[in-house]
J.: 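Here it is, the structure in full.
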Number of protein chains: 2
Amino acid sequence: MEKIDMKKIAQEANVSMTLVSQVLNNRNIRVAEATRRRILDVASRYQYVPNRLAAALKLKRTNTIAILVPFTSVGFFSELIYHIESYALDRGYNTLVLNTFGDKKKEENALQFYRSQLADGFLVAAQNVETNRIILSQMKSDSIPLVFIDRFVDGIEAPTVSSDHVETAYELCRKLIDKGKKDIVFIRRVDDPENSTLRGRVAGYARAMESAGLAPDVLDFHFEGDEGSDLLERLASRPAPEAVFLHSGFYMPHLLKTCERLGYGIGAIDFGTVDGFLIPFDFSRAGELFEMMRGNITVAVQDTRGIARRAVDALIETMEAGSSVGPGSFIPVEWKEL
Amino acid sequence: MEKIDMKKIAQEANVSMTLVSQVLNNRNIRVAEATRRRILDVASRYQYVPNRLAAALKLKRTNTIAILVPFTSVGFFSELIYHIESYALDRGYNTLVLNTFGDKKKEENALQFYRSQLADGFLVAAQNVETNRIILSQMKSDSIPLVFIDRFVDGIEAPTVSSDHVETAYELCRKLIDKGKKDIVFIRRVDDPENSTLRGRVAGYARAMESAGLAPDVLDFHFEGDEGSDLLERLASRPAPEAVFLHSGFYMPHLLKTCERLGYGIGAIDFGTVDGFLIPFDFSRAGELFEMMRGNITVAVQDTRGIARRAVDALIETMEAGSSVGPGSFIPVEWKEL
DNA sequence: CTGAAAGCGCTTACAG
DNA sequence: CTGAAAGCGCTTACAG
């Protein structure tokens, strides 16, 4: 089967390429119905599929939204991608996911992508803030439409759609305080310290503690899969806390395993975190731990669907209007206690 | 900041576009070092980024691999994507994930994508077999490089990289038989009946049962999220089984919830499945269930990393050699008992 | 060492 | 109603 293009269709149907293009793209021009049929017939006979590369080159628009997120196989970002892709498709846009794997080099490459014109707009949850600031500001100066999702980069003006991380953390910490806890440690993974989400949560936690006359107590750990974590050592060097505020549910299984190895009386600890978590089937003693924790878990669940839709709307608005929409929006979280 | 292209760089540097292209792409031609510097300087001064659309249009190659998979936020496909992207990048290829959401229309669109030249080759885990057969055979006749991953479509000749689903199911069923179980029901979601993976597992299960003089017993259910499932009714109409072979661990939480609602003595049932599973944090009674199941779970865990790498290798070989590699390969599974 | 020119497959004023 | 022609931004023979 030989390769077919518009030129061949035009020859075969005895019309000009102009007409072929118009008809195939459903432009509402007046064409003789017979001519129209002829063109369509030839196209389908040869199983013609347009070359989007060529069209995009000419039109300077690809009808595609790029989503830049750190890779996660479960949880917040994974759900977010699902909802973004699904909703963007409904709104007539293709999507392109650029995973960064927490790798500076890869995130940089992904961002350089933008000027290679493969996408009309970007939804960005940047991970390596330092690396990205430069590229993101280039994007701004080239007026590439850009919306931050979940997190933002200081100094880059773009709408941000996210939960209100500060308020959420404040409320979560208040809930722990209201249960009578005083010794509440905020546990955070620090591999990504400039992450605005994390910073916001720390700020909300600290404000809640201070306003209750308590001293904020932040414990940092490093994490590279179940192997390279120093959480155990960090926790071992101090007494077991009364309550724990873990900045993201993503690390909850790891935290539980660690607590277990340290021999903590898990039933006595209150846990608060953001976003639900999943326990792996081969997590030994998972059953007992679950039982012990019952009644001591507070979770702020982010509305990934809401965030996704608002972000896509904001980006499309920016792309189509050519103007930046407001300062972004906060999407409310949902609380779960169990 | 004005838009910069090769033409402008050429003018600015007082050379031809040819030279600019050569230098910027590191072609090893002999250029005066001064000229070379000049070109590079101008390019970086204007923050030049090449238009990959234009290059791809000319070269008829994008250096991109498309991955077509049904969307899953956790589990097998999610891990697979991670390993494919990561390894493909190591081998110098960009990737593009096309999620299908189990939607015929969307899968069709995604496949039509192929001839729009946005990718040089495809890794396909097709979900809607009927819809796709036509398009896939078009791809074959256009000699687009294609490798099936995990599952294949009958009648389309392309290498398939996957676990040996038949053998794996046979062995899994044997393990249950060896534990002394006779009443072993195979539970499967039937929304995707032509799925070759599922078919293979049923075949392996049936062979193991028959070779032990037992009657295969397959129970079908429909599933659309936790809401629209008829598993409860299907199970309720019969006595509790001695052992269950669930075709994929993905549905394990759903099965457990259902068993619990039916009041099964879960400790008495042996469970066998393929791929690990994750228990949601808000799964009520998860703890007790975990405890009851201990010692009764057998899982065949697929080697997603191995599958991903082999598949990418096979695809790249096909793309670069222009010739189809062999009939594909099986990647061994790993067994877990707990 | 270097450049002029054709062409990848589209779209769209512009001119009948 | 319809067509000839320019141009999107690259790459690559081909010719000095």
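The figures here come from the full heavy-atom set of this structure, side chains too, leaving out hydrogens, waters and symmetry mates. A quick note: this is a predicted structure, and the numbers were derived from the prediction, not measured. Below, chain A is the first sequence line, B the second, and so on; all start at residue 1.
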J.: Which residues pass the side-chain hydrogen bond (donor to acceptor under 3.5 Å, both in side chains) test with E12(B), not counting sequence neighbours?
T.: Y46(B)

J.: Kindly write out the residues that satisfy side-chain hydrogen bond (donor to acceptor under 3.5 Å, both in side chains) with R310(A), not counting sequence neighbours, or none if the list is empty.
T.: S329(A)

J.: Quick check: closest heavy atoms across R133(A) and I156(A), and the distance to 0.1 Å?
T.: O-CD1, 3.6 Å

J.: On DNA chain C, check which nucleotide each of L59(B) and K58(A) is closest to and give me the residue with the more 5' one.
T.: L59(B)

J.: How is K60(B) classified with respect to the nucleic acid when contacts are heavy atoms under 4.0 Å: base, sugar-phosphate, or nothing?
T.: sugar-phosphate

J.: Could you walk me through whether D120(A) and I65(A) satisfy the side-chain contact (heavy atoms from CB on, under 4.5 Å) test, starting with their C-alpha distance in whole Å, then the side-chain angles of each, then the deciding distance to 0.1 Å, before giving a yes or no?
T.: CA-CA 6 Å; D120(A) 299 333; I65(A) 292 173; over 6 Å; no

J.: Who passes side-chain hydrogen bond (donor to acceptor under 3.5 Å, both in side chains) against D191(B), sequence neighbours left out?
T.: R189(B), H222(B)

J.: Take R27(B) and A54(B), find for each the nucleotide of DNA chain D with the closest heavy atom, and name the residue whose nucleotide sits nearer the 5' end.
T.: A54(B)

J.: Using the P atom on both, measure dC10(D) against dC14(D) and round to a whole Å.
T.: 24 Å

J.: Checking Y82(B) now: which residues fulfil side-chain hydrogen bond (donor to acceptor under 3.5 Å, both in side chains) with it, not counting sequence neighbours?
T.: none

J.: Nearest 0.5 Å, please: how far is CD1 in I307(B) from OG1 in T160(B)?
T.: 11.5 Å

J.: Taking T64(B) for the side chain and L96(B) for the main chain, is one N or O donor matched with an acceptor at less than 3.5 Å?
T.: no

J.: Does Q22(B) or L53(B) map to a spot on DNA chain D nearer the 5' end, using the closest nucleotide for each?
T.: L53(B)

J.: Extract the stems that DNA chain C is part of, considering only consecutive pairing runs of at least three Watson-Crick or G-U wobble pairs, both distances under 3.5 Å.
T.: C:1-3 with D:14-16, C:5-12 with D:5-12, C:14-16 with D:1-3

J.: Of all nucleotides in DNA chain C that come within under 4.0 Å of a heavy atom of chain B, which is furthest toward the 5' end and which toward the 3' end?
T.: dC1(C) to dG9(C)

